[in-house]
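Letters A, B, ... are given to chains in the order of the sequence lines, protein chains preceding strands, and every chain is numbered from 1. On a predicted model such as this, the values are computed, not experimentally measured, just so you know.
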Amino acid sequence: MLHPMGWDAFGLPAEQYAVKTGVHPAITTQQNIDNFRRQMKRFGFSYDWDREVATSDPSYYRWTQWIFLKLYDKGLAYISEVPVNWCPELGTVLANEEVPEQIEKGFTVIRRPMRQWMLKITAYADRLLEDLDLLDWSDSLKEMQRNWIGKSEGAEIDFEVADTKHRIRVFTTRPDTIFGATYVVLAPEHPLVDQLSTPPQKTVVEEYKRGAALKSDMERTELAKEKTGVWSGAHAINPANGKKIPVWIADYVMVSYGTGAIMAVPGQDQRDWDFAEKFNLPIIRTVEPPADFEGKAYLGDGPAVNSGFLDGLNMDAAKNRMIEWLEKEKRGHRKIQYKLRDWLFSRQRYWGEPFPVNHLEDGTISPLPESELPLRLPDVQSYKPAGTGESPLATIEDWVHTTDAATGRKARRETNTMPQWAGSCWYYLRYCDPKNDQQFCDPEKEKYWMPVDTYIGGAEHAVLHLLYARFWHKVLYDLGYVSTKEPFMKLINQGLILGEDSQKMSKSRGNVVNPDDIINEYGADSVRLYEMFMGPLTQTKPWSTRGVEGVYRFLQRAWRLYVGPDGKLSPAVSPDDPTAEQKKVLHKTIKKVSEDIESLSFNTAIAQMMIFVNEFTPLEKRPRTVIEPFVLLLAPFAPHLAEEIWEILGHDKSLAYESFPEFDPELTVDDEVTVVLQINGKVRERMMSPKGMSKEDLERKAKEHLTKWLDSKEIVKIIVVPDKLVNVVIKG
RNA sequence: GCGGGAUUGGCGGAAUUGGCAGACGCGCCAGACUUAGGAUCUGGUGGUUUUACCGUGUGGGUUCAAAUCCCUCAUCCCGCACCA
């Protein structure tokens, strides 16, 4: 079993702190790591600290850079001009998921094209989708990943622009509705917008484009209620019926999805309907809605109408027929489209992995040879971004200007750094072989340990981290460096612990619980035990200090089971043989605790241990052969206390060397059971009965018990469930 | 809007091939010990109009029997969101 811990140590918070204070992020990062490690050790978590890694350590990021070079060699890393979330105050580009947080802090975020590294995760879209089936993950998590990848099947169709040589290519999932396409829409950023706008419309179009560029993605979405757009002045030809239809520019079409252009079918699409209504564009139904349909756009299935040769066909048949026609006429083709975009892989920051590449004077890129790795982060005077959109690295002249080792030519280093996700994409592989300086992981060790059997993590990583890591893993798999298709077989999202007020813990709400304080008050074992006792691991639940007191009392009772007030072995601990009943309690407890640990149901395992302690506390004589194994059951939950009890019991070796108790299945079953007696499904009596009594005997015995209820009533039916119940159905 | 999950005492939760609803803990009530109790121990604790009836978000259904299976609606949480 491998149970390691490491630190995803690059990233924005350390960098922002450095900008504010001038302290090197490596120093604050180290302090934070030391503090976290101290707290974890205090809890007694049994991590293998020999395998600790930190992504900001050059001996680690050397291999992050190495993997990047593999991606580059495979053509999966490229540079592109893409619109990014530019934050002028921070002087940096933000990841989509960082935008809301920064806006909340009062910063502005605008879209601006910039030269960026991209990773071609889209090349793996299909496999990332399909291989989800191999995984033992929750349905909701798989569904989130599926939605994120967003596969949809449809067609790309070319619309000729009237009186020009231009063609507008659109993507649609509903080629069957093409006869109802009454206009075409281009995203404001679509490259054809300028060429298609007719002179009289030029001004309005230009104005509209400017307005759209000022809006961030967020604002566009928020203003989604009211559709906006302008006519370009141009017309397109509907390839299905040869009709001239207007070409509009509107920001409800996104340039980054599909082809950045759509054919609008208001009859079958609510967004198009809204737009058509507002701008008085024609609406034609091409699918017959049911007679009682009262909505506007009809999205459901039905026979095609107003659709020429498609009329009468249902949706699927019409789609296929239309695609066949388009392909035959060379006006379009079947197309699978993904929502997933390529991964924007550079940040204009200091505190991240430097890219191991040089830019030569002729504009070509020269990857660093492996022997040059790691390419270390240089020290800088100021952590403030260069302000030009470049990272602080750009200000260090003697670092930026270098001689390319591969070609001997003058070169500039890449001044972008990698995003925080980079290091966390493969750390689980490094755990297998953390000190290796020849390779990122010895293949033998990789084969031995991989894949990760159980990955317990926060739900906040449901999509991004888990998708990125799966992507890198698949690339490494294709290159033969890892032996499994998927990195994480079973995945558990632990639930968030809320504040005592059932709100998210936050400093501003003042409901934060500091582990150090609670440990000081109740001890590490109480906190561990309480956190497991609160409820199912995966569930979000509120903290309760009273609840900690409860388990604290339980631990004290457990202690007193063995230890007298003088701190020595209690005289109640007896060498006598246990009764059969006492042995049964022990074995039932071993069974329950073992099985519940396996299924991560720690709360019910602890409940069973409480029952055990409640059972033995009142006894004057507590047979040692029964209560001693219990210490070993308690040990994984409350290791410190268990270890002390173990010592007081007279052992000179740590209980860590003992094996976990095993139960005797025969001793876990009761030989007498309570059988419930029902009349018409209602519980009327109960009786004790030996386990395994035959149906006939049970029925006879039940009737005796129920005489006062049965009286002279007519018995319709008797249901007997052995060892459980007897239900007598009577009439009258 | 789409997708996923949830809803059980005053509270956290337990019970899932359909078979005793409320394990265990918190809180609360009563008692014991005590100068004292925010310590410890013992007993009690779903509700009600208490021979019994009602009760697992709402309303219906299947069944001898439903927290559990089916349908309806409501509320809450998480994720995505003008993805054509």
Could you give the distance separating [M] and [N] at their [atom1] atoms, to the nearest angstrom?
{"N": "B:G47", "M": "B:G37", "atom1": "P", "value": "28 Å"}
{"N": "B:C64", "M": "B:C76", "atom1": "C1'", "value": "36 Å"}
{"N": "B:G9", "M": "B:A14", "atom1": "P", "value": "14 Å"}
{"N": "B:A21", "M": "B:G1", "atom1": "P", "value": "40 Å"}
{"N": "B:G60", "M": "B:U68", "atom1": "P", "value": "15 Å"}
{"N": "B:U63", "M": "B:C70", "atom1": "C1'", "value": "12 Å"}
{"N": "B:C26", "M": "B:G43", "atom1": "P", "value": "14 Å"}
{"N": "B:A66", "M": "B:G55", "atom1": "C1'", "value": "14 Å"}

Looking at every strand, decide which applies to [X] at a 4.0 Å heavy-atom threshold: base, sugar-phosphate, or nothing.
{"X": "A:K339", "value": "base"}
{"X": "A:N614", "value": "sugar-phosphate"}
{"X": "A:K142", "value": "nothing"}
{"X": "A:R560", "value": "sugar-phosphate"}
{"X": "A:P536", "value": "sugar-phosphate"}
{"X": "A:S544", "value": "nothing"}
{"X": "A:Q678", "value": "base"}
{"X": "A:I611", "value": "sugar-phosphate"}
{"X": "A:R553", "value": "sugar-phosphate"}
{"X": "A:G550", "value": "sugar-phosphate"}
{"X": "A:S152", "value": "sugar-phosphate"}

What I want to check is whether the side chains of [X] and [Y] have a donor and an acceptor closer together than 3.5 Å.
{"X": "A:D596", "Y": "A:T604", "answer": "yes"}
{"X": "A:T173", "Y": "A:E153", "answer": "no"}
{"X": "A:Y522", "Y": "A:E549", "answer": "yes"}

Self-check item: Pi-cation contact, A:Y252 with A:K227 (under 6.0 Å, within 45°)
Solution: yes
To the nearest angstrom, how far is [X] atom [atom1] from [N] atom [atom2]?
{"X": "A:N727", "N": "B:G18", "atom1": "CG", "atom2": "P", "value": "17 Å"}
{"X": "A:R684", "N": "B:A52", "atom1": "CZ", "atom2": "P", "value": "7 Å"}
{"X": "A:F171", "N": "B:C82", "atom1": "CZ", "atom2": "P", "value": "16 Å"}
{"X": "A:M144", "N": "B:G79", "atom1": "CE", "atom2": "P", "value": "7 Å"}
{"X": "A:Q539", "N": "B:A6", "atom1": "CD", "atom2": "P", "value": "10 Å"}
{"X": "A:M610", "N": "B:A14", "atom1": "CE", "atom2": "P", "value": "14 Å"}
{"X": "A:K682", "N": "B:A52", "atom1": "NZ", "atom2": "P", "value": "12 Å"}
{"X": "A:Q608", "N": "B:G25", "atom1": "CD", "atom2": "C1'", "value": "14 Å"}

Practice problem: Tell whether A:K227 reaches the base of B:C82 with its side chain through a donor-acceptor pair below 3.5 angstrom. | Solution: yes
Quiz item: Any side-chain N or O of A:K717 less than 4.0 Å from the OP1 or OP2 oxygen of B:C64?
Solution: yes
Practice problem: Ignoring backbone atoms, establish whether A:N603 has a side-chain N or O less than 4.0 Å from OP1 or OP2 of B:A14. | Solution: yes
Compare the minimum distances between each of [options] and the side chain of [X], then state the nucleotide with the smallest one.
{"X": "A:D269", "options": "B:A21, B:U40, B:A84", "answer": "B:A84"}
{"X": "A:R686", "options": "B:G79, B:C20, B:G4", "answer": "B:C20"}
{"X": "A:T604", "options": "B:A23, B:G25, B:G4", "answer": "B:A23"}
{"X": "A:T172", "options": "B:C24, B:A84, B:G3", "answer": "B:A84"}
{"X": "A:E549", "options": "B:A21, B:G27, B:C82", "answer": "B:G27"}
{"X": "A:R557", "options": "B:G25, B:A21, B:G4", "answer": "B:G25"}
{"X": "A:K541", "options": "B:C26, B:G12, B:A84", "answer": "B:G12"}

Quiz prompt | Stepwise side-chain hydrogen bond (donor to acceptor under 3.5 Å, both in side chains) test for A:Y338 and A:S152 | solution = CA-CA 6 Å; A:Y338 297 93; A:S152 48; over 6 Å; no
Practice problem: Taking syn as within 90° of 0 and anti otherwise, name the glycosidic form of B:G25. | Solution: anti
Quiz prompt | Presence of salt bridge, A:K588 and A:D670, under 4.0 angstrom | solution = yes
Quiz prompt | NZ/NE/NH1/NH2 to OD/OE distance under 4.0 Å, A:R146 and A:D133 | solution = yes
Could you let me know what [N] is paired to, Watson-Crick or G-U wobble, both distances under 3.5 Å, or none if it's on its own?
{"N": "B:G1", "result": "B:C80"}
{"N": "B:U45", "result": "B:G27"}
{"N": "B:U7", "result": "B:A74"}
{"N": "B:U34", "result": "none"}
{"N": "B:U58", "result": "none"}

Exercise. Hey, which sits more toward the 5' end of RNA chain B by its nearest nucleotide, A:G535 or A:G150?
Key: A:G535
Practice problem: Name the residue closer to the 5' end of RNA chain B, choosing between A:G258 and A:K724 according to the nucleotide with the nearest heavy atom. | Solution: A:K724
Self-check item: A:S232 side chain vs A:W248 backbone, donor-acceptor pair below 3.5 Å
Solution: no
Quiz item: Counting distance only, does the side-chain N/O of A:D251 pair as donor-acceptor with the main-chain N or O of A:A187 below 3.5 Å?
Solution: no
